[in-house]
Amino acid sequence: MSVEEGTANHGRLLGTVRGPQDVKRMTAEQLDILAAEIRDFLIAKVSRTGGHVGPNLGVVELTLAMHRVFDSPRDRLLFDTGHQAYVHKIVTGRQDGFDKLRQRGGLSGYPSQAESEHDLIENSHASTALSYADGLAKAYALRGEKRSVVAVVGDGALTGGMCWEALNNIATAGNPLVIVVNDNGRSYSPTIGGLADHLSSLRLNPSYEKVLDTVKDALGSTPLVGRPMYEVLHAVKKGIKDAVAPQAMFEDLGIKYVGPVDGHDVPAIESALRAAKNFGGPVIVHAVTRKGYGYRAAEEDEADRLHGPGGAFDIETGKLLAAPSVKWTHVFADELVSIADERPDVVGITAAMAEPTGIATLARKYPNRVYDVGIAEQHAATSAAGLAMGGLHPVVAVYATFLNRAFDQVLLDVAMHKLPVTFVLDRAGITGPDGPSHYGIWDMSVFGTVPGLRIAAPRDSATLREELREAIAVDDGPTILRFPTGTVAADLPAIRRVGPVDVLAESARTDVLLVAVGSFAGLGMEVATRVAEQGYGVTVVDPRWVRPVPAELVELAAGHRLVVTVEDGVRVGGVGSALAQAMRDADVRVPVKDLGVPADWHPHGTRAQILADLGLTAQDVARDVTGWISGLDAQSVDPTADKATAKN
């Protein structure tokens, strides 16, 4: 069936699916046809919008089997990271929303409570689903509710520390809970057939449980989070290839193990899930799948099986349709390699994001100087601390949203020891289609509280290269370099530099000091032009290093009538807030207006759409600035102006 034929009217069978009950009624032959139609539908729709292709093509049969065995939404199906939930959205009646997937007014790229009662957790940070599942299972047990809880986790998620912590508690609690390990890490022959099915049923027979009672009593409440747990999780990651009787290890933990099961064989996975559902305790169902299954362009993509194209792509080749452009990430990656050529002490760390963050470029040239620690940002930060203690300068490259998970490690393990570690935060600010959990809007506020930590926000390619070198040159504490996603801005040269602060524009009148943070420098220049048309003079500056607040920035503020800051981070505790505090400390009484992102959950859409909603466009900012400065003019002729100024 061609993609075009498969998507006409959503396909013959797909067009009849409006909820899980429709899938439950289908025969085995119909399910095979439906799976093919779903794949064609996904490829056609996502090719127009961008999104997660490979992960969802790999879980088609697995998702169908889950909805046939369990009764969503009464039974709760939790998808770790959530980017593998597109098929779940289709089965639960949301096919029509895929025309605007990840676009304003369309479907979210992750589970969303606002979309459907079948969605519960809106997470897109990995390794969390098992903890949610543990809590839900405990709540249902305490309330006496007979409801199944199913958590789908990828083999990659098992590298995250939260999974280890959750498994330890799940085993101790012993509540009914099904953990589906979606193992697409490699392809090998799963244990299938009648004998394997019989053995799985035997292991899940309650009477068989009695055989292991003595072992469990001996174990008692000993926390098994050391080497035994590592062997268990590592065995799953390797597809149980090198483990001898891995189910015994899980059973020693109090968690039954079933598998490996062919995740593309609906009857086989159904059989395993039904047995797990009826067991009455925690069970791991190990499903072996192939990421990108059924789509040649994805299966032949060695990098990541067409994991998540950022925009529209050609169906035949899987290549993005947009012309290639220079991205912020590319500039960082290129400059990091240049620095590493000069400094053998520079090493790279990433948390399962080598290609997306650019660290892979360093790894290709210096493979022994790059460490991918898996989905473990906390470990990445403290491991970096150890590397720094050992005389190296680690560069930790992560998405801005993900460093939030390692705040304690940055604060106490790195900063308190005054260690030279550079954190490079890609996708800072409003990123757009991936929604609120991916917005990198918290970093300047959250990490601005860390003593001794310096934060840089480059405005273009030249300043990114310059500030990266400055960050790596710091040897008495940690640094953060943050930049947005997408195409890098055109270089915007400064007319002069005051300390670390770049002056981008100035006029004879010193009415307004406009502090444009990072990528908002271009917006600041446009605002200055618009405000000048109203007869006011604007000095536009890029502080470059926003934390701690440069003393020179405070001095510049003192020479103006009004200070306005514009940043793509949350206003609470942001750059504007910090500058206002620094000015108060220096007894500079110039009024400050701070523009930024409200501390809220902002919906998905394009970056431009969201910034417009927030009033962070040149037109909006220019109107605000003009209103504020004209208001000061009105106060200057008001006899009560002195009193009003004192209150401010």
Side-chain angles (χ1 to χ4, degrees), residues 46 49-52 81-83 100-112 122-126 304 307-312 320 322 325-333 350-353 355-358 377 397-405 423-447 455 457-460 464 480-489 517-523 566-571 574-575 596-617:
V46 181
T49 63
H52 290 95
T81 71
H83 62 230
K100 298 181 69 176
L101 176 68
R102 302 169 70 244
Q103 297 176 9
R104 175 61 58 87
L107 286 182
S108 166
Y110 298 93
S112 169
E122 302 189 12
N123 64 321
S124 57
H125 286 194
D304 62 3
H307 176 81
L320 292 175
S325 59
V326 178
K327 307 292 187 182
W328 291 89
T329 309
H330 299 156
V331 177
F332 156 68
T350 190
M353 305 292 277
E355 288 289 349
T357 63
E377 291 83 2
V398 297
Y399 285 5
T401 181
F402 296 139
L403 191 64
N404 298 342
R405 309 178 79 168
F423 297 91
V424 175
L425 307 189
D426 203 323
R427 290 158 174 76
I430 293 289
T431 54
D434 282 329
S437 63
H438 264 55
Y439 294 158
I441 59 177
W442 313 101
D443 55 299
M444 290 189 291
S445 177
V446 170
F447 291 97
I455 302 177
R459 64 180 180 271
D460 54 25
L464 193 161
I480 284 178
L481 181 76
R482 69 183 310 269
F483 49 80
T485 187
T487 303
V488 68
V517 175
S519 61
F520 275 174
L523 177 144
V566 188
E567 59 190 297
D568 58 350
V570 293
R571 293 177 60 219
V575 175
V597 181
D600 202 348
W601 311 114
H602 304 287
H604 66 277
T606 67
R607 174 178 165 87
Q609 287 172 331
I610 296 165
L611 293 180
D613 291 344
L614 300 176
L616 294 176
T617 67

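Nearest heavy-atom pair across Asp460 and Ala489 is CB-O, 3.8 Å. What you find for Ala457 and Val517 is that their closest heavy atoms are CB-CG1, 4.0 Å. For the residue pair Arg427 and Thr485, the shortest heavy atom distance occurs at CG-CB, 3.5 Å. Annotation for Ala400 and Ala428: closest pair CB-CA, 3.8 Å, computed over non-hydrogen atoms. In plain terms, the two heavy atoms of Val570 and Ala599 that are nearest each other are CG1-CA, 4.1 Å.
In terms of modelled atom types and a separation under 3.5 Å, the side chain of Thr350 and the main chain of Ala397 share a donor-acceptor contact. Side-chain atoms of Arg482 come within 3.5 Å of backbone atoms of Gly440 as a donor-acceptor pair (strictly under, hydrogens ignored). A side-chain donor-acceptor contact under 3.5 Å links Arg607 to the backbone of Ile430. Between the side chain of Ser108 and the main chain of Pro111, no donor-acceptor pair closer than 3.5 Å is present. Between the side chain of Tyr439 and the backbone N or O of Trp601, no donor-acceptor pair lies under 3.5 Å. Of the possible polar contacts, one joining the His604 side chain to the Gly106 backbone as a donor-acceptor pair under 3.5 Å is found. For Lys327 (side chain) and Val331 (main-chain N/O), no donor-acceptor pair under 3.5 Å exists by modelled atom type.
Rounding to the nearest 0.5 angstrom, the gap separating the CG atom in Leu464 from the NE2 atom in His330 is 12.5 Å. The structure places NE2 of His602 at 10.5 Å from CG of Leu611, a figure rounded to the nearest 0.5 Å. A distance of 11.0 Å separates CG of Leu614 from CZ of Arg571, quoted to the nearest 0.5 Å. Rounding to the nearest 0.5 Å places CD1 of Ile441 at 9.5 Å from CG of Asp568. In this structure, CD1 on Ile455 lies 4.5 Å from CD1 on Ile480, to the nearest 0.5 angstrom.
Ring planes of Phe332 and Phe483: tilted class, angle from 30 to 60°.
Thr487 is not listed as a side-chain neighbour of Val326, based on a closest heavy-atom distance of 4.5 Å or more. Annotation: side chain of Thr329 is not in contact with side chain of Pro356 (no heavy-atom distance under 4.5 Å). In this structure, the side chains of Leu481 and Phe423 stay at 4.5 Å or more apart for every pair of heavy atoms. Using a 4.5 Å cut-off on side-chain heavy atoms (C-beta onward), Asn404 and Phe447 make contact.
Using modelled atom types, one finds a donor on one side chain and an acceptor on the other under 3.5 Å when comparing Thr401 with His125. Side-chain atoms of Thr357 and Asp426 include no donor-acceptor pair closer than 3.5 Å.
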Test Val398 against Leu425 for side chain to side chain contact (heavy atoms under 4.5 Å, CB included), laying out the working first.
CA-CA 5 Å; Val398 297; Leu425 307 189; 3.7 Å; yes

Please evaluate residues Arg104 and Asp613 with respect to the criterion salt bridge (Lys or Arg N to Asp or Glu O under 4.0 Å), reporting the C-alpha separation (whole Å), side-chain torsions for both, the decisive distance (0.1 Å), and the verdict.
CA-CA 12 Å; Arg104 175 61 58 87; Asp613 291 344; 2.9 Å; yes

